Protein chains: 2
Amino acid sequence: MTTMTAAERRREAKAAFDSYMDACPTHDVLAVLGNKWTSVVVFQLTQGPRRYADLARALPGVSAKMLTQTLRSLERDGFVARSVTPSVPVQVEYTLTLLGERLVPLLASVRHFAEHNIADIRAARDQYDATATD
Amino acid sequence: MTTMTAAERRREAKAAFDSYMDACPTHDVLAVLGNKWTSVVVFQLTQGPRRYADLARALPGVSAKMLTQTLRSLERDGFVARSVTPSVPVQVEYTLTLLGERLVPLLASVRHFAEHNIADIRAARDQYDATATD
DNA sequence: CTGCATCCAATATGATACTG
DNA sequence: CAGTATCATATTGGATGCAG
C-alpha cells in the first residue's frame, strides 16, 4: 500500500486544510467584511436605524439587488435586525443588533490602519506599476 | 433645463459615490483582506521568510495560480518583499516588509473579534436558516 | 415602498499542463 | 524550483422589469 502515497497524502492535506479554512472564524469574518457593500451599509446603520429607501438614497452606487442581498446576509449573521411595520405601504426598518454594534470598533481598527497606511500602500503600488512598465 | 433633473442628479450622485468608494482607504484595505488567500499567506510570513514551495506546502488548498497572484498583489501593495537568489535552481524568498508587519496587529484585531463572536454569528445563522425552512 | 426574478457581465478561484 | 498559460467553473455585482 505504498503506491500513490504522495498524491494521496497531498489530497488529504488539502481536504484537511479546506475544512480548516471553512471553520476558521477569522476567515469567515473577513469574507463577510470583504463583500463590497457590507462596510458601508453597517456604517450607515451606526448612524441610526434606516429604512430600505434611506439606505438606497445614502448609497447611490448600490443596486437594489445588492442592497437586499447585503441586508439579508447581515440579518442572517445576526448583525442587523429587520422590522416590518404593516402599514400601507409597508415600512421596513433596519437596525444594528448588539452583535452588530460590536462590529463598530473592529471597523474602526480597520479604518485606523487604512488611514495611517494608505499613503505607503499607494506609493508602493505606483512604484510597482512604474517599474513594471519600464 | 429642468427636464430629467431627477435622473441626472441620481446619476451624478452615483458617480460621486463610486469615486468616493474607490478612494476610501478602509474599503481599499478591506478589499485586499477579503481576498481568500491574503490572510493565510500573511500569517505564514509572520512566522518568518518563506520560499514559494514552503508556502505551497503549508497551504495545501491554494493553487499555484492563486498563490502567485496573491503574492504579486501583496508585493504590489508593499506588504511583501520578493528576493531572488540566482542559483541553480533559482531560489525565491518572500518576506514581510515593515508595512506588512503593521498588518499583524490589525489581523489580530480581526481574529480577536472573530473568536469572541463567531459563536453568536453561527447561532444566528442556524436560527435564520431554521426559521426560513419552516 | 420593498424587494424578488431574470438575464448578463465581470471577477475570483481552480485544475492541468507546460517552461526556463 | 518557481512560476506561466490556458481553460473551466463559481461567485459577485449590476440592469431591468414586475409584484404584493
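Below, chain A is the first sequence line, B the second, and so on; all start at residue 1. Given the structure is predicted, the values throughout are model-derived calculations rather than measurements.
Counting only residues at least two apart or on different chains, the salt bridge (charged side-chain N to carboxylate O under 4.0 Å, His left out) pairs with a member in residues 96-110 of chain A are A/R102-B/D120. Annotation: salt bridge (charged side-chain N to carboxylate O under 4.0 Å, His left out) contacts involving residues 86-96 of chain B, sequence neighbours excluded, are absent. For the side chain to side chain donor-acceptor pair (under 3.5 Å) condition, the pairs that include at least one residue of residues 21-35 of chain A, sequence neighbours left out, are A/D28-B/R122, A/D28-B/R125. Within the structure, side chain to side chain donor-acceptor pair (under 3.5 Å) contacts touching residues 53-68 of chain B (residues at least two apart or in different chains) are B/Y52-B/T68.
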## Note on the structure
Per-nt protein contacts along nucleotides 11-20 of chain D (heavy atom under 4.0 Å; B base, S backbone sugar-phosphate only, - none) come out as --BBB-----
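Across every non-hydrogen atom of A/S19 and A/A15, the tightest pair is OG-O, 2.7 Å.
Legend: residues meeting salt bridge (Lys or Arg N to Asp or Glu O under 4.0 Å) with A/D126, ordered by chain and number and at least two apart, are absent.
Put simply, A/V29 and A/L99 are part of the same group of oily side chains (I, L, V, M, F, W, Y) that touch within less than 4.5 Å, one to the next.
For the atom pair CG (A/L55) and OH (A/Y94), the distance works out to 8.0 Å, reported to the nearest 0.5 Å. One distance of note links CZ of B/F79 with OG1 of B/T97; it measures 7.5 Å at 0.5 Å rounding. Here the CG atom belonging to B/L96 is positioned 9.5 Å from the CG atom belonging to B/L98, to the nearest 0.5 angstrom.
Heavy-atom contacts from other residues, nucleotides or ligands closer than 6.0 Å to CD of B/Q127 number 12 or fewer.
Side-chain atoms of A/T70 and A/K36, non-hydrogen and from C-beta on, never get closer than 4.5 Å to each other. Proximity of A/T95 to A/V80: side-chain heavy atoms (C-beta onward) are nowhere separated by under 4.5 Å.
For the pair A/D18 and A/Y94, nearest-nucleotide mapping onto DNA chain C gives the more 5' position to A/Y94.
Between the CD atom of B/Q91 and the C1' atom of D/dA2 there is a distance of 11 Å, given to the nearest Å.
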With a 3.5 Å cut-off and sequence neighbours excluded, list the donor-acceptor pairs that the side chains of residues 37-51 of chain A form with protein atoms.
from	atom 1	to	atom 2	distance (Å)
A/T38	OG1	A/V32	O	2.9
A/T46	OG1	A/F43	O	2.5

Check: residues 105-113 of chain A side-chain donor-acceptor pairs under 3.5 Å, at least two apart:
from	atom 1	to	atom 2	distance (Å)
A/S109	OG	A/P105	O	3.2

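Non-hydrogen atoms lying under 4.0 Å from DNA chain D are contributed by nothing in residues 38-53 of chain A. For the segment residues 24-32 of chain A, no residue has any heavy atom less than 4.0 angstrom from an atom of DNA chain D.
If one axis is set at each end of the helix from C/dC1-D/dG20 to C/dG20-D/dC1 from five pairs, those axes are 40° apart, to 10°.
Along DNA chain C, read 5' to 3', the first and last nucleotides having any atom under 4.0 Å from a heavy atom of chain A are C/dC1 to C/dA15.
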